[in-house]
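Written out below as structure tokens is the structure these notes cover.
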2 protein chains.
Amino acid sequence: MPRTIGERKDAIPALAEVFRTHGFEGASLSLIGAATGLGKGSLYNFFPGGKEEMAQAVLDHIDGWFRDEVFTPLRQAAEPQAGIREMFRAVDQYFHSGRRVCLIGAFALADSRDRFAACVKDYFAEWVDALAVALRRAGISAAEARAQSEDVVAVIQGALVLARAANDEAAFGRIMRRQERRLLQGLPKA
Amino acid sequence: MPRTIGERKDAIPALAEVFRTHGFEGASLSLIGAATGLGKGSLYNFFPGGKEEMAQAVLDHIDGWFRDEVFTPLRQAAEPQAGIREMFRAVDQYFHSGRRVCLIGAFALADSRDRFAACVKDYFAEWVDALAVALRRAGISAAEARAQSEDVVAVIQGALVLARAANDEAAFGRIMRRQERRLLQGLPKA
DNA sequence: TACAAGATGTACCTATCGGTACAAACAAGC
DNA sequence: GCTTGTTTGTACCGATAGGTACATCTTGTA
């Protein structure tokens, strides 16, 4: 009979780290094996589709995390302001204050974009949309909310680029804090 | 006797395109050969250091372009406002309105960052610094100028990520135009 | 304890990787 | 037309890529 524990899941954090560090092409099976502690046998047992299925599993996991921790709070928080604050908090935590890179952002820039196009596209579309919902609920017009959301999601991605380029984690926090302040101060009725 | 024309230079645009499209690891010598129309013989004749030297040459070329077309205008324009407008114009042109990706940004996110750390770091540092100079000359305090510059450079990089993720070039233009407006309207004496 | 099904290590496959060696083709100056 | 140095194509190298085959453990259940 099969094991009750899905070991597949346990490999995902390590897989995510490898893909984040080396990209899709750069993440060789030997690196993946070293990072997860699994041999090819196990790897191809859990992910018969090979590297592509591994990456897809990681993307799905990231997607789920953001849905639960960021998008849903943004859409459903009793106070939209609280949802927005929660977004900045969760994002700062997730990206380890800029020391960690956004895998989906990195995939978007590389030619992995085409391979995982739907996933990459949906992730950002959902993020922008969820933030726009919060802003609209906070009293901003639909058009203005979309514009602000697009800008904020963009600046977060850019902050990750800058922080990593300069090897200066502090930069990420600085940019994030300014955006949060700007966004919340721009809302009506304080 | 040697040829007077340095053919090496002529290969750089094609090289840049390959690295932009496939990243450093993904740009195989066969792809490079196909893109440039050069065989290994020529390639290693012009770039004895191999792929790494090719990428470095591309980075240097990009750096030079931005220095001439963006950083210097920002620092030296008679009217700082004009320098800023010129920055947005040149950047929009360079990135083909969001259809093209920033190679240095992509390198920053990948592990190519370590290989070309100095170049990657300087590029963004110079950009932020040059923009801050323009803002200061336009009458903004040093601290505020640095903050605004960081935010704007970040949002440009993020806009490239978003545009490519959504496969929506228009997004880049939208974000850029909003930033330009916000930046110029925030300056004293109109 | 025996069995079935999942989990794992190892050996092996072909293709391609980045890089080297080198001889032939080429161009320019005398 | 010869010489000199550059530019090229081609053959080749060891290493590693992603992936498959399969025999051997493990493990939960009866």
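Labels below follow one simple rule: chain letters A, B, ... track the order of the sequence lines, proteins then strands, and each chain is numbered from 1.
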Would you find more than 12 non-hydrogen atoms of other residues, nucleotides or ligands less than 6.0 Å from R99(A) atom CZ?
yes
If you count every heavy atom of other residues, nucleotides or ligands that lies below 6.0 Å from H61(B) atom NE2, does the total exceed 12?
no
Contact residues, residues 24-35 of chain A to DNA chain D [heavy atom, < 4.0 Å]:
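Contacts with DNA chain D under 4.0 Å: A27(A), S28(A), L29(A), S30(A).
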Within this structure, what is the [atom1]-to-[atom2] distance between [X] and [N], rounded to whole angstrom?
| X | N | atom1 | atom2 | answer |
| --- | --- | --- | --- | --- |
| M54(B) | dG18(C) | CE | P | 9 Å |
| L43(B) | dC17(C) | CG | P | 13 Å |
| Y44(A) | dC12(C) | OH | P | 19 Å |
| L38(A) | dC25(D) | CG | P | 19 Å |
| F47(B) | dT8(D) | CZ | P | 12 Å |

Considering only [options], which nucleotide approaches the side chain of [X] most closely?
| X | options | value |
| --- | --- | --- |
| N45(A) | dA7(C), dG9(D), dG19(D) | dA7(C) |
| S42(A) | dG19(D), dT8(D), dT8(C) | dT8(C) |
| K51(B) | dT8(D), dG9(C), dG19(C) | dG19(C) |
| K40(B) | dA7(C), dT20(C), dG18(D) | dT20(C) |

Please determine, by modelled atom types, if R89(B) and Q93(B) share a side-chain donor-acceptor pair under 3.5 angstrom.
yes
Using only atom types and a distance under 3.5 Å, with no angle test, would you say the side chain of S42(B) pairs donor to acceptor with the backbone of L38(B)?
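No.
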Tell me whether the rings of Y94(A) and W65(A) are parallel (<30°), tilted (30 to 60°) or perpendicular (>60°).
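Correct class here is tilted.
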When the ring planes of W127(B) and F66(B) are compared, do they come out parallel, tilted or perpendicular, using 30° and 60° as the limits?
tilted
Pick the closest DNA chain D nucleotide for G41(B) and for E52(A) by heavy atoms, then say which residue is nearer the 5' end.
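Looking at DNA chain D, the more 5' nearest nucleotide goes with G41(B).
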When you match G50(A) and G37(B) each to their closest nucleotide on DNA chain D, which lands nearer the 5' end?
G37(B)
Evaluate R85(B) against E180(B) for salt bridge (Lys or Arg N to Asp or Glu O under 4.0 Å), listing each step before the verdict.
CA-CA 7 Å; R85(B) 267 190 286 266; E180(B) 180 170 6; 5.3 Å; no
